[in-house]
Structure formats: C-alpha cells, structure tokens
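Note that this is a predicted model, so its numbers are computed, not measured.
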Amino acid sequence: MELEQVIDKRQSIIKIIVSGIIILTVCMGLCMLHVGDERHFIYQLSEAAHFKELETAQQTFQHEVGKNLQIVEETAKNLSNLGSVPTDNMIQQTLHPQGLAGEFSYFCYVDDKGSVYYKGGHRDYFLTEDVLKQLQMQKADSYITLYTMKQEDPGKPRPNQNTNILFVAPVLTQKTVIGHIVAMQSIDLLFNASVYQNIIESGPCFMIHEDGTVFFASSENEIIKGSDYNLYEGLKRYSNQKEDSMDEINTLRKMMVRQDKVTGHITFKTSQGENTKVFFERMEMLPNAYFISCFDESLVTQGMHPLISRTILLCTLIFIAALTLIFIIWVSSKRSGDMIEKMAYEDAVTNGKNVNYFYKKALEIMAVNSETPFLIQRFDISHFRYLNESYGHSRADELLKGCIQLAEEHFYEKEVCVRMDSDQFLMLMENDGRVEPRRESYVEAVNEYARSIGIKYPIRFKFGIYQVRKHDKDMNVMIDRANLARKSLHGDEKELKAYYSDDLFAQVCKNDVIESEMQKAMEDGEFQVYLQPKWDIQLDKINGAEALVRWIRDGKVLAYPDEFIPLFEQNGFIEKLDFYMLETVCKRMRRALDIDEKVYPVSINQSRVLMYNPDYVNHIVKILNRYHIPEGYIELELTETIFFDDRDKMVTIMNQLKEHKITLLMDDFGSGYSSLNLLKDIPFDIMKIDREFFSETITSTTSTIILQKVAEMAAGLDIIVVCEGVETQEQVDKLKEIGIRYVQGYFYGRPIEMEEFIKQYGI
Ligand code: C2E
Ligand code: CA
Ligand code: CA
C-alpha cells in the first residue's frame with residue numbers, strides 16, 4: 001500500500017472518530033437539554049399538583065371539622081331547646097352517641113360547674129384545668145381548638161399520638177350559658193382518611209402551631225426527626241444551616257406569626273443541593289394553626305430516573321444508529337470512490353495506470369520534490385505495427401503489460417510510468433545521473449521479457465525526453481515537448497532517444513515552415529536535380545551518376561536533403577519528390593538520347609516510404625516506359641532499412657522491379673544494419689559501400705581485409721561494388737589494390753546542377 005493510501009485511510013478513520021464524537025456530544029447535549037426541559041416541566045407540573053392537593057386537603061379538613069362542629073352545635077342546640085337546666089336523664093338522651101362512626105373519641109356535656117356528663121355515665125376527666133378555664137371564659141361561642149392530652153410521661157408532646165381537636169358548643173337557657181357540649185377527635189384519625197393520601201405521598205406535611213410546634217406529621221420524616229418537633233428547627237437542620245435558607249425559613253416564621261398571609265411558600269436548598277419548597281395554608285377554623293406541606297425537588301429527580309435512563313438509552317441508540325449510518329456511507333462512498341478511481345485512473349490493457357493518473361500524480365510528485373530534477377519521457381515501441389501483425393494482438397498486449405510491470409520494478413517510487421494509448425508510454429523519471437544505465441537496463445529487461453513470451457524481434461523504444469525546468473507547471477506543454485523530441489527520431493536511427501532542446505524546437509518551427517512551403521516549392525521548380533559522377537578507377541573515366549536533390553531558391557541552395565528528407569518521409573511528401581526526381585532525370589535522359597548526347601546510367605534515391613504504396617512498381621515502370629528509357633540507364637538506390645518493416649513484402653517488390661529489368665542498388669552497405677543475408681535473398685545488381693565505413697576503416701589492415709572479402713563475395717554473387725565518399729588519392733590507390741573498380745566521391749566530383757553536369761560530362 002502506498003504511503004498516501006495509508007494517510008488517506010488514517011484520515012478517514014480520524015474523520016469517523018471526530019464525527020462520532022461530534023454526534024455523541026450533540027446527542028448528549030440534546031438529551032441533557034431534553035431531560036432538563038422535562039425536569040423543569042415535570043417539576044412545575046408536580047409543584048402545581050402538589051399545591052392543588054394541599055388546597056384540597058385543607059378544604060377537606062375544614063369541611064370535616066366544620067361538619068363535626070355542626071354535630072356538636074346541634075347537640076348543644078337540642079339541650080338548649082329544652083328551655084331549662086337539663087336533667088341527667090335529658091343529657092343522656094340528647095348526647096350524641098359517643099364514637100359515632102368512630103369520629104369522636106369523647107363526646108360530653110360539661111355544666112357551668114365543671115361537671116362532665118357522658119353518654120352512659122361518668123368517665124374519667126379528660127379535660128385539663130386549662131380547658132375548663134377556657135370554657136368558663138368563652139362562654140357564648142362555639143369553637144374548635146387543638147388539644148394535647150395529658151401524658152403519663154410528662155415529656156414533650158409527640159405529634160399525632162396525643163394531639164386532638166376539641167369541639168366546643170355552648171348550651172343556653174334564656175340566653176344564659178349553663179354548660180357546654182365538648183367533643184374530641186384525634187388528629188391522627190382525621191388524617192387517616194384516604195382523601196389526604198395524595199398530599200401525604202407527594203411530600204411530608206404537617207399541621208403546626210404558628211410557633212412551629214408540630215401537631216401532626218404525615219410521617220416520621222427527615223425534617224422533624226430530632227428537632228423536638230419544631231418545624232422551624234427541623235427545616236434549619238434540613239437546609240444545613242445555610243445562610244440563604246435560614247433567611248427563607250425566618251421569613252416563613254414571620255409570615256405565620258404575623259398571620260398576614262392565608263397561603264404562601266418559601267424555597268430553600270437542602271444539604272444535598274436540592275430545591276425544597278415549603279407551602280403553608282392557614283387553617284381558618286383552628287386559630288394559630290397552619291397546614292404545611294413540603295415539596296422536594298429530589299422527588300421529581302427520583303421520578304425522573306426512568307425518564308433519564310430511557311433518554312440515555314434512546315441517545316445511545318441514536319448514537320449507534322448514526323455511527324452505523326456514517327460507517328455505511330463511508331464504506332459505500334469509499335467503494336464508489338475506489339470504483340471511480342479505478343475507472344478514471346486505470347488502463348484496461350496493461351492493468352496499470354492511465355494518462356489521467358499521470359497528469360495528477362506527476363504534478364503532485366514534482367510539487368513535493370521541488371528540488372529534484374525530473375525528466376518527462378514520451379516513448380513508443382519501434383515497428384509496433386509489425387509486432388502486432390506478426391505476433392497477434394494478444395501477444396502484443398502482453399508485451400505492453402510487461403512494459404508497465406517492468407517499469408514498476410525498474411524505476412523509483414517517485415517515478416511514474418503509464419501507457420497513453422496503443423504503444424505510446426509516458427514516464428516521469430528522476431534525473432539522478434544514472435538515467436542512461438537505468439533506461440538501458442529497462443530496455444534490456446523488456447527484451448528479455450519479450451523473448452520469454454515468444455517475441456523474437458528485438459524491441460526498440462524511441463524515447464523523447466524533456467528535462468523539466470524550474471518553473472514548468474503545464475503538464476501538457478512538458479509532454480508535448482517530450483513528444484516533439486520523440487518525433488524528431490526516425491525509425492532507422494541508431495540511437496533511439498532524443499532530448500528536447502530549444503534547437504530542436506527551432507528545428508520543428510523550421511519544419512513547419514518547410515511543410516508550409518514544400519508544395520509551392522515543388523510547383524515553382526525549386527527542387528532541382530544535382531548529379532554526382534561515379535568513376536571507373538580502372539579506366540579513370542566517368543561511369544555514371546547519382547541524382548541528389550537540392551532545394552534552390554534565387555539561384556542559391558536553400559536547403560540540403562538532410563534538412564528536409566526526414567521530414568518529407570514523415571509527412572509523405574517524399575513520394576512526390578522521389579517520383580519527381582525520377583521523372584526529371586528520365587525526361588532529360590530522353591532528350592539526351594533523342595539528340596544523341598552522351599548518356600550514362602543515373603541512380604535515383606528511393607525512400608522506404610515509397611514501398612508502402614501498393615502501386616509503386618507500376619508507377620516506376622510507367623515513368624520508365626513513358627520516356628522509353630533503355631534497360632540499365634536508371635538505377636534505383638534503396639537502403640536496407642526498407643526490409644525492417646515487412647521483409648517478405650519488400651522481397652516481393654524487389655523481385656517485381658527486377659522482372660521489369662530495373663537495376664537495383666543497395667545503398668549505404670556497412671552503415672550499421674547490413675545483413676549479408678539480404679544480398680542472398682534480394683537480386684541487387686550493385687552495392688554501395690557506405691562512406692562512413694570506408695573513410696574510417698580504409699587505412700587499417702583489418703578493414704582492408706574486410707573490404708577485400710566483401711568485394712570477393714560481391715564478385716561471387718555477381719554484384720558490382722561502388723565505394724562512396726572517396727576524397728583522396730590514397731583511398732583511390734588502396735581501392736585499386738583491393739580490386740574495387742567503381743567509386744563516388746568529392747575526389748572525382750561534387751554533386752552539381754544537372755545541366756552543368758551534362759556540359760561537363762554529358763549525361
Ligand atoms: P546518399 O544517398 O548516401 O548520398 C550521398 C551523400 O554523400 C550526398 O549528400 C553527397 O553529397 C555526399 N557525398 C558524396 N561524396 C562525398 C564525399 O566524398 N565526402 C562526403 N563527405 N560526402 C560525400 P547529400 O546530397 O546531402 O544527400 C544526403 C542524403 O540525402 C543522401 O545520402 C540520400 O540518402 C538523401 N537524398 C538526397 N537526394 C535524395 C532524393 O532525391 N531522394 C531521396 N529519397 N533521398 C535523397
Ligand atoms: Ca544514395
Ligand atoms: Ca549512400
């Protein structure tokens with residue numbers, strides 16, 4: 001895996017984690033908000049409900065107590081209605097049956113002397129002296145009062161157990177109070193009624209005296225525990241004596257003592273930090289008594305527990321769902337990303353990368369390694385068409401695949417090699433000073449591979465190379481320049497690599513000019529035939545000539561063949577030029593023959609490109625016939641490179657020419673690719689030994705021997721030998737010695753304009 005992919009993967013994981021954390025935080029935040037809102041809402045609801053319960057409880061209490069007072073009053077009224085001091089008997093009849101519906105624990109008549117009458121006879125005194133005194137004082141009114149029973153253990157009163165309500169109603173005779181009906185009811189009994197259950201359950205509640213004394217407590221609770229049953233003390237302890245809370249509790253006390261509010265509440269914080277509300281409601285029928293109920297926030301919190309756990313569960317589920325969703329999206333987007341990348345960056349033929357990838361990757365690499373010198377190479381396989389046709393497409397594709405695989409093995413990680421299309425490759429290579437050997441070893445490996453898959457034909461690449469410059473940014477320009485260098489190479493060149501240079505660019509510009517002008521130059525007759533003599537050194541006289549083209553403008557040589565022939569071979573214009581040269585020579589030769597001028601054989605250069613014209617042989621024959629050129633007067637000069645492409649086809653063409661008795665000359669023998677086999681297979685009449693071979697080697701003994709052997713072999717095959725590029729007398733002497741008879745070179749004459757030549761030698 002490439003470093004970049006690892007980084008990509010890590011980044012994706014980090015992204016997922018970060019999104020997970022964000023989602024979790026958002027989920028949690030929302031949950032908290034939700035729980036907070038719910039809590040507040042529920043708190044408010046509960047508080048309102050609690051207050052309502054308190055009111056209901058208070059009203060019920062009033063109602064119950066009122067009802068009981070009414071019973072007591074009615075009994076008093078019945079006694080009063082007798083109109084006289086009631087007798088014992090009357091009292092017995094009138095008294096409310098004690099314990100009716102379990103409501104009263106005592107029900108009695110107390111006369112103004114303090115004697116107490118019960119239904120069914122005397123009972124123990126339950127009334128204290130204080131009460132009796134009060135009866136004496138509040139003679140004419142009926143009233144209700146709280147009453148604590150005397151205890152055997154004279155400790156503090158305990159709420160509930162011995163707190164009672166006393167109902168008192170006067171008995172009158174002629175507007176004079178003669179006694180009282182007194183009834184007692186236990187508070188505990190009163191509160192056992194189910195109607196109080198709601199308020200009792202929703203928090204501790206108390207009945208207190210304004211001084212804080214607790215008469216009744218709904219339960220043994222935290223507030224009054226250990227407080228000597230004083231509510232204020234209890235609350236203070238419960239609030240942990242905090243200053244704020246103390247203020248609130250004192251306010252509560254003041255409000256009660258002043259009795260200026262029928263109802264109200266205070267709020268303070270408990271030692272656990274929970275808000276507690278204490279509601280109070282004055283008991284209208286019981287002077288100085290208040291109904292108190294406490295509402296604790298913790299109750300809501302406790303009630304909220306199931307909600308909180310449900311919310312957390314929901315939140316976790318949402319979180320997991322969100323994570324799963326992200327994961328699924330990530331996996332599928334990664335998958336489709338991979339597919340898109342595969343489609344966008346893969347080459348179907350080689351399974352390697354394609355040119356899109358190259359554009360992206362090469363620029364990235366160059367940006368990261370800005371100090372490294374790079375080369376952009378555009379290369380292709382010479383004669384790939386031949387490979388395709390000879391070995392089939394699948395084998396050729398296998399070779400292309402091999403080229404990519406071997407490139408991966410041979411080149412550095414920061415080098416990229418891709419196939420563009422057909423046999424065209426593109427490569428980014430580090431110019432590390434070992435470029436040549438690395439490239440050579442690559443070519444060597446490809447050749448080895450080709451052999452391993454049965455391709456015997458040597459694989460030669462044409463490398464067009466561009467040295468990336470400091471400020472190059474446009475990849476298209478760089479590739480175009482490499483391509484320009486590649487195009488400057490020609491199939492038969494020995495060294496199949498070319499570097500882009502400004503000179504090359506100038507050359508290309510020049511080529512553009514040539515291309516734009518060649519057609520007109522042809523029409524204007526700017527291409528002219530120059531002839532160079534071939535010499536018979538035995539007889540020391542002219543023996544023939546080679547036609548060489550010159551581009552003449554305004555009487556001067558505008559360009560030599562080397563400057564435009566390769567270009568014409570590329571653009572196909574060479575065909576026109578070669579036929580033009582042949583026709584011009586034939587035309588002039590015909591005139592010479594017609595006017596009986598001296599005529600020598602003339603050889604015409606034929607480019608290999610011409611051989612691809614299926615009508616080539618016909619065309620040549622047509623021209624020769626048109627001018628009735630006698631046999632042997634026109635020789636065709638061909639280089640052996642024509643046999644590179646399709647040897648069998650070329651041999652057929654050569655044989656067809658031969659059938660028409662056309663003289664064939666093998667040009668540039670010994671220039672590098674010569675194969676002696678060719679001489680056996682093709683019916684050449686003449687072979688021309690290349691001037692380079694000749695000039696470099698003529699002086700050495702070995703080359704003299706080689707030349708001798710070549711001459712001998714040629715003689716054996718009945719082939720005439722011509723030596724090109726003879727420039728000195730010494731060379732002439734050597735050739736004479738070897739036994740070579742015909743030469744061509746500056747020593748005997750430079751190529752000159754045709755009419756000039758005729759003037760000098762005849763034709
Ligand atoms: P080539 O066919 O090998 O032609 C011989 C070249 O060697 C000619 O160059 C000629 O001027 C040069 N030469 C002759 N004797 C000597 C000598 O003693 N010393 C040296 N140094 N050079 C000598 P040129 O005319 O510039 O032609 C160059 C090449 O251009 C030719 O090589 C031939 O391949 C091609 N060419 C010329 N004319 C035509 C043409 O009409 N058609 C085609 N297809 N190719 C042509
Ligand atoms: Ca030639
Ligand atoms: Ca030649």
Side-chain angles (χ1 to χ4, degrees), residues 50-69 102-106 131 143-149 151 156-168 183-238 249 252-266 276-296:
H50 184 84
F51 190 68
K52 189 91 196 126
E53 293 294 347
L54 178 67
E55 267 187 335
T56 315
Q58 214 277 121
Q59 278 162 13
T60 311
F61 182 82
Q62 305 271 33
H63 176 74
E64 286 291 310
V65 169
K67 206 173 73 191
N68 290 346
L69 183 63
E103 281 161 0
F104 301 105
S105 39
Y106 293 98
V131 175
Y143 60 92
I144 302 167
T145 184
L146 280 168
Y147 173 66
T148 308
M149 288 269 278
Q151 291 187 30
K156 292 278 171 192
R158 287 179 58 75
N160 304 20
Q161 288 173 0
N162 43 19
T163 304
N164 303 281
I165 295 175
L166 216 57
F167 300 88
V168 180
M184 194 174 87
Q185 191 171 31
S186 149
I187 278 196
D188 211 13
L189 202 77
L190 203 68
F191 278 102
N192 269 344
S194 62
V195 71
Y196 301 105
Q197 283 314 301
N198 285 348
I199 184 75
I200 288 168
E201 275 167 19
S202 68
C205 53
F206 311 96
M207 193 184 284
I208 61 161
H209 187 263
E210 61 182 29
D211 66 3
T213 309
V214 178
F215 293 114
F216 169 78
S218 61
S219 58
E220 271 289 322
N221 56 61
E222 284 295 314
I223 298 173
I224 51 159
K225 207 155 91 186
S227 67
D228 292 343
Y229 304 103
N230 185 293
L231 182 73
Y232 305 130
E233 296 310 313
L235 288 177
K236 281 177 188 170
R237 205 178 42 80
Y238 192 56
I249 294 161
L252 179 72
R253 184 206 289 266
K254 273 180 212 154
M255 280 194 289
M256 296 214 196
V257 174
R258 263 194 246 129
Q259 299 200 355
D260 54 358
K261 275 194 173 161
V262 176
T263 180
H265 72 267
I266 58 154
T276 291
K277 265 192 178 158
V278 178
F279 294 92
F280 67 89
E281 184 128 7
R282 196 163 65 213
M283 311 203 70
E284 279 163 26
M285 301 187 88
L286 278 174
N288 309 331
Y290 285 89
F291 207 101
I292 302 287
S293 89
C294 301
F295 182 68
D296 206 331

Value for OH (Y238) from CG (L231), rounded to nearest 0.5 Å, stands at 12.0 Å
Original post:
Does a donor on one side chain sit under 3.5 Å from an acceptor on the other, for N164 and Q185?
Top reply: no
Shortest non-hydrogen pair, H265 vs M255, comes out as O-CE, 4.5 Å
Would you sort out whether N288 and R282 count as a side chain to side chain contact (heavy atoms under 4.5 Å, CB included), showing the intermediate values?
-> CA-CA 8 Å; N288 309 331; R282 196 163 65 213; over 6 Å; no
query = Considering only heavy atoms from C-beta outward, does the side chain of M184 approach that of I165 to under 4.5 Å?
reply = no
Taken to the nearest 0.5 Å, the spacing of L286 CG from F61 CZ works out to 5.0 Å
Note, F291 side chain near I208 side chain (heavy atom, < 4.5 Å)
no
Please determine whether side chain to side chain contact (heavy atoms under 4.5 Å, CB included) holds for the pair L252 and Y232, giving the CA-CA distance in whole Å, both sets of side-chain angles, and the decisive distance to 0.1 Å. CA-CA 9 Å; L252 179 72; Y232 305 130; 4.2 Å; yes
Rounded to the nearest 0.5 Å, the CG atom of D211 sits from the CZ atom of R253 at a distance of 8.5 Å
- Item | Test item: V214 and H209 side chains (from C-beta on) under 4.5 Å apart, heavy atoms | no
Would you please test I292 and M256 for side chain to side chain contact (heavy atoms under 4.5 Å, CB included) and show each step? CA-CA 11 Å; I292 302 287; M256 296 214 196; 3.1 Å; yes
Separation between CD1 (I249) and NZ (K254), nearest 0.5 Å, reads 12.5 Å
With a 4.5 Å limit on heavy-atom distance, are the side chains of T263 and F279 in contact? no
Check: I144 and V168 side chains under 4.5 Å, non-hydrogen atoms:
no
Sequence neighbours excluded, the answer for ring pair (Phe, Tyr, Trp, His ring centres under 6.0 Å) partners of F280 is Y290
Taken to the nearest 0.5 Å, the spacing of R237 CZ from N230 CG works out to 11.5 Å
So CD of E281 and CD of Q62: to nearest 0.5 Å the spacing works out to 8.5 Å
